[in-house]
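Taking it in order: structure first as structure tokens, then the write-up.
This is a predicted model, so every value here is computed, not measured. Atoms within a ligand are numbered from 1 in the order they appear, just like the ligands themselves. One-based numbering along the sequence shown.
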Amino acid sequence: MTLPYEELGAHWRSVRPRPAGRHLDSAAASRQTHRALEAAAHHARHEAELGGYVAEATAENLLQQGRSVLGGLVGMAAADVVFVESAQAALRTLLSGWQLPAGSRVACLPGEYAPNIALLGAAGLRPEPLPVDGIGRADVDAVGRLLAGSPPRFVHLTHIASHRGVLQPAREIAELCRDAGVPLVLDAAQSLGHADVDLGADVVYGTSRKWLAGPRGVGMLFVRPRVAAELVPLLPAPADVPPLRAFESGEAHVAGRVGLVVATGEHLAVGPEAVRERLAALGRRTRELLDGVRGWRVVEPVDEPTATTTLRPPDGVDVVETRTRLLTEHGIVLSAIGPERAPGEMTGPVLRVSPHVDTAPEDLEALAAAL
Ligand SMILES: *Cc1c(COP(=O)(O)O)cnc(C)c1O
């Protein structure tokens, strides 16, 4: 049985360096294209030739196009986009600018990413659980009641978790938040380039290296003007740029930003909808193939429209050791995720399989055989 958009998978593979093994770890970091790698290298060379700041000025048109196309992915304008160093840096930047009163309540998933909970706490905010079902998916009706009853200062929703390939009903929650006048902050670290993120959130943040397949060390923060007006920068932005730019990191790996812009252009050129459809089909195939193999159990519903699958180990099998064995003996790259990643939800470690569109059924069959 073939998967949809086979030619997209073949193209995606053909424009990248050949993988040393089987790369099933895009939720950690994807493989970049030759063009993205060369664009970053070219910029770094330009810095040596022209001087770092002169080179940055020559790249500004490209970076501005990048803000524009990245903003388009989340339904925002270039003026609403700033580059930072990571998704975590984006959340830290948002919270430090927002300066909400200590003790302000923030609703987030019980399975929230532990570093996000820590950042909320460090900003003096009080995380409270959103109502969810048995798999950790937000219960939209119950969220509506929560927002009507005692609305939090904002809702923080992680669109797809790093420890579980469940797609949250972000569009529905964005609508409820809009009706209730409660800002929605969306962690799109696992969903940009993977799922539709143009959903009406007030703030979105993400990272370059995961599903968009850009370089490491680059993150993005997107803020609608309504929330941007509430942010207080350390120093105001220069008069000739949008005010949000005050939150863009000044000293940065500009070459990485250039690489991300190229990677984003390539993502748009192959077609985000085709990518999403093929990733969802790969997720389904992964779950069908792996559930029950040697006693490993898939956590996600088989038809969840994401490419991320997590597996609970059979009794007595160590997940970290399994991950190491798959890498060293079979050349299969994937991740072991411990319960400390999301202590409010995970009861034990899982093995995470996150193929990008170039994965072939044979790669998944090789994983099943190696398990
Ligand atoms: C990876 C990840 C982050 C953090 O991204 P960085 O770029 O490493 O800071 C945040 N949230 C989720 C859900 C993630 O998967």
- Query: Please state which protein non-hydrogen atom is closest to atom 14 (C) of ligand 1 and give its distance, to 0.1 Å?
  - Reply: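 Protein heavy atom at minimum distance: Lys210 NZ, 2.9 Å.
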- Protein heavy-atom partner closest to atom 11 (N) of ligand 1 - residue, atom, separation in Å: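 Going by distance alone, atom 11 (N) of ligand 1 is nearest to Asp187 OD2, 2.6 Å.
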- Task: Can you see which heavy atom on Met76 is nearest to which on Ala201, and at what distance?
- Result: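 Minimum heavy-atom contact is CE-O, 3.6 Å.
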- Query: So do Ile337 and Val319 actually touch side chain to side chain, heavy atoms under 4.5 Å?
  - Reply: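 Not in contact.
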Should [X] and [Y] count as an ion pair when the cut-off is N to O under 4.0 Å?
{"X": "Arg16", "Y": "Glu266", "answer": "no"}
{"X": "Arg164", "Y": "Glu345", "answer": "yes"}
{"X": "Arg284", "Y": "Glu288", "answer": "yes"}
{"X": "Glu60", "Y": "Arg67", "answer": "yes"}

N/O to N/O below 3.5 Å, does that happen between [X] and ligand 1?
{"X": "Tyr113", "result": "no"}
{"X": "Gln88", "result": "yes"}
{"X": "Ala89", "result": "no"}

- Please confirm whether Arg209 comes under 4.0 Å of ligand 1, counting heavy atoms of the residue only.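 For ligand 1, residue contact (heavy atoms, under 4.0 Å) with Arg209 is present.
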- Message: Does only the side chain of Ala189 get under 4.0 Å from ligand 1, or the backbone, or both, or neither? Count heavy atoms.
- Response: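 Ala189 to ligand 1: side-chain contact only, backbone stays beyond 4.0 Å.
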Against heavy atoms of [X], which atoms of ligand 1 measure under 4.0 Å?
{"X": "Gln190", "result": "15 (O)"}
{"X": "Ser86", "result": "6 (P), 7 (O), 9 (O)"}
{"X": "Thr158", "result": "13 (C)"}

- Query: Which residue from Ala87, Ser191, Ala114 reaches closest to atom 5 (O) of ligand 1 through any of its heavy atoms?
  - Reply: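 Checking each option, the heavy atom nearest atom 5 (O) of ligand 1 is found in Ala87.
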- Message: Does the plane of the ring in Tyr205 sit parallel, tilted or perpendicular to the ring in His156? Use 30° and 60° as the thresholds.
- Response: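 Ring orientation, 0 to 90° scale: tilted.
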- When the ring planes of His46 and His43 are compared, do they come out parallel, tilted or perpendicular, using 30° and 60° as the limits?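 His46 vs His43 ring planes: perpendicular.
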